[in-house]
2 protein chains.
Amino acid sequence: MPAEASTSRPASSPLTERQEARRRRILHASAQLASRGGFDAVQMREVAESSQVALGTLYRYFPSKVHLLVATMQDQLEHMHGTLRKKPPTGDSAAGRVAETLMRAFRALQREPHLADAMVRALTFADRSVSPEVDQVSRQTTAIILDAMGLADPTPQQLSAVRVIEHTWHSALITWLSGRASIAQVKIDIETVCRLIDLTDPDRRA
Amino acid sequence: MPAEASTSRPASSPLTERQEARRRRILHASAQLASRGGFDAVQMREVAESSQVALGTLYRYFPSKVHLLVATMQDQLEHMHGTLRKKPPTGDSAAGRVAETLMRAFRALQREPHLADAMVRALTFADRSVSPEVDQVSRQTTAIILDAMGLADPTPQQLSAVRVIEHTWHSALITWLSGRASIAQVKIDIETVCRLIDLTDPDRRA
DNA sequence: CGCTAATCTAGAACAAGTTTCAGACTTGAT
DNA sequence: ATCAAGTCTGAAACTTGTTCTAGATTAGCG
């Protein structure tokens, strides 16, 4: 596997400079509009206009609104992973560190709830045509969690626990975004699910 | 709280017979179209035509496509809860019974994957305007799980565990529907998360 | 029965995602 | 520098969810 920016994307044809710039302008416009009014506020015509690109071009870069928003999420996730790396969590147990990390991410999302709404809704609404991109987001999330656990090569059990944590994370986020769960509840649920980690830690049979 | 059909819905104005019939026709058409081609195949004009109702009327009964599909899900969930009641799960532990119940539900959904797709996508895409209906679905799901646990009054911890199980259930379903997880993986994740139940059972500190 | 308010119907109109197309511009290779 | 292939632009068209309107029907009531 050749060294490549953690960004991923096989880079089937390396974009020229101007193309890279267009791509960034589009993602920036997308995030900006999303921050304003969430999923609905990201209108393809407006994204095109804001990023100084023809509508057809926008669709060449991102074949659908969902693709665009999922790519926006990848972009934001990288930021976040970078930020988290700088200040690793300090808890004693793996479970505690993961919970701390997720709550930190959660607080970051709280600062831009509309953006969070747009990204998460796109993510869960995505159909099979977006699977590769969604998968990439999922791998990135997994990496963040494994980082917090401080684990190099997890057992299958632990991987399952991590998947369950991700499930809970996404779904809890949705219930919070749609106003059906309080922040406190999200916190409790995150902490609850993180106990699964200790449960699957071979060293620490409670 | 007055006794009312488990169906819910405060019944602000009791529908006449013809109205009730229209409502059923609509839900039936919705489920039928969904079974064919999933979320996208449920087109409001087609639902209206199939159920012999004007488009405006359809929108009077269900104020959006998402409302319609969430109502369809409520409908199906009731069916399922009824079916499950008849053959309660037989496992020894609460965790086992819940896992068994969920996997049974999962197999039922497998039989109509397109319908499952439509319902689950609508559920997670729903915004605040659909919260009451989504909440109702969530309560129904909770009831099914608590039934399987054989629990009358759960502790807050147990409620959190149940919420986490629901999160996992929904999210795992989505990853399966979008082809990003195998059935085997869903099974493992369900079983993994169900261990939380034993973990929070006051009687059975493993 | 006859009236009134609510409901239903058919169909047009509107909004936003997506597709299409003809022509202008870039790029890379020769 | 020139040409071919690929890309970008602007604008219109198409699709499907949603709203609106005018007139027909129905339900409940005196």
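Chain A is the first sequence line, chain B the second, and so forth, proteins listed ahead of strands; every chain is numbered from 1.
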Assess whether atom CD of B:Glu49 is packed by more than 12 heavy atoms of other residues, nucleotides or ligands within 6.0 Å.
no
Near-strand residues of residues 36-45 of chain B, defined as heavy-atom separation under 4.0 angstrom from DNA chain C:
B:Arg45
Are more than 12 heavy atoms, taken from residues, nucleotides or ligands other than A:His28, located less than 6.0 Å from that residue's NE2 atom?
no
Closest heavy-atom pair and its distance - A:Val120, A:His170:
CG1-O, 4.5 Å
Taking the six-membered ring for Trp, are B:Phe125 and A:Phe125 parallel (under 30°), tilted (30 to 60°) or perpendicular (over 60°)?
parallel
Integer-rounded Å distance: D:dG10 P and A:Tyr59 OH:
17 Å
A side-chain contact here means heavy atoms from C-beta on lying under 4.5 Å apart; do B:Asp147 and B:Arg85 qualify?
yes
Between A:Glu166 and A:Ser138, is any side-chain donor less than 3.5 angstrom from a side-chain acceptor?
yes
What's B:Glu46 touching, base or sugar-phosphate or nothing? Going by heavy atoms closer than 4.0 Å.
nothing
B:Arg60 CZ to D:dC20 P, straight-line distance once rounded to whole Å
13 Å
Calculate the interatomic distance between B:Gln19 atom CD and D:dT25 atom C1'; express it in whole Å.
13 Å
Nearest-Å distance, NZ (A:Lys65) to C1' (D:dT15)?
16 Å
Where each residue is assigned the nucleotide of DNA chain C containing its nearest heavy atom, which of A:Pro63 and B:Thr57 is assigned the position nearer the 5′ end?
B:Thr57
In whole angstrom, give the distance that lies between atom CG of B:Leu58 and atom C1' of D:dT18.
11 Å
The first and last nucleotides of DNA chain C lying within contact of chain B, meaning any atom under 4.0 Å from one of its heavy atoms, run from C:dT7 to C:dA13
With a non-hydrogen cut-off below 4.0 angstrom, is A:Tyr61 in contact with a base, only sugar-phosphate, or nothing?
sugar-phosphate
Starting from C1' on D:dG17, measure out to CD on B:Glu49 and report it in whole angstrom.
16 Å
Nearest whole Å is fine: how far is D:dC14 C1' from A:Leu55 CG?
13 Å
In whole angstroms, the gap separating C1' of D:dT7 from CD of A:Glu17 amounts to 17 Å
Taking all atoms of both residues into account, what is the closest heavy-atom pair of B:Leu55 and B:Met44, and its distance?
CD1-O, 3.8 Å
How far apart are the closest heavy atoms of B:Trp176 and B:Pro113, and which atoms are they?
CH2-CB, 4.3 Å
Please round to the nearest 0.5 Å and tell me the distance separating atom OG1 of A:Thr168 and atom CG of A:Leu196.
8.0 Å
Under 3.5 Å between N/O atoms: give me all the protein pairs with nucleotides 27-30 of chain D, atom names plus distance.
none

Identify which one of A:Thr175, A:Asp189, A:Thr192 satisfies the side chain to side chain donor-acceptor pair (under 3.5 Å) criterion when paired with B:Arg163.
A:Asp189
Quiz question: by atom type and distance under 3.5 Å, do the side chains of A:Arg139 and A:Gln136 form a donor-acceptor pair?
yes
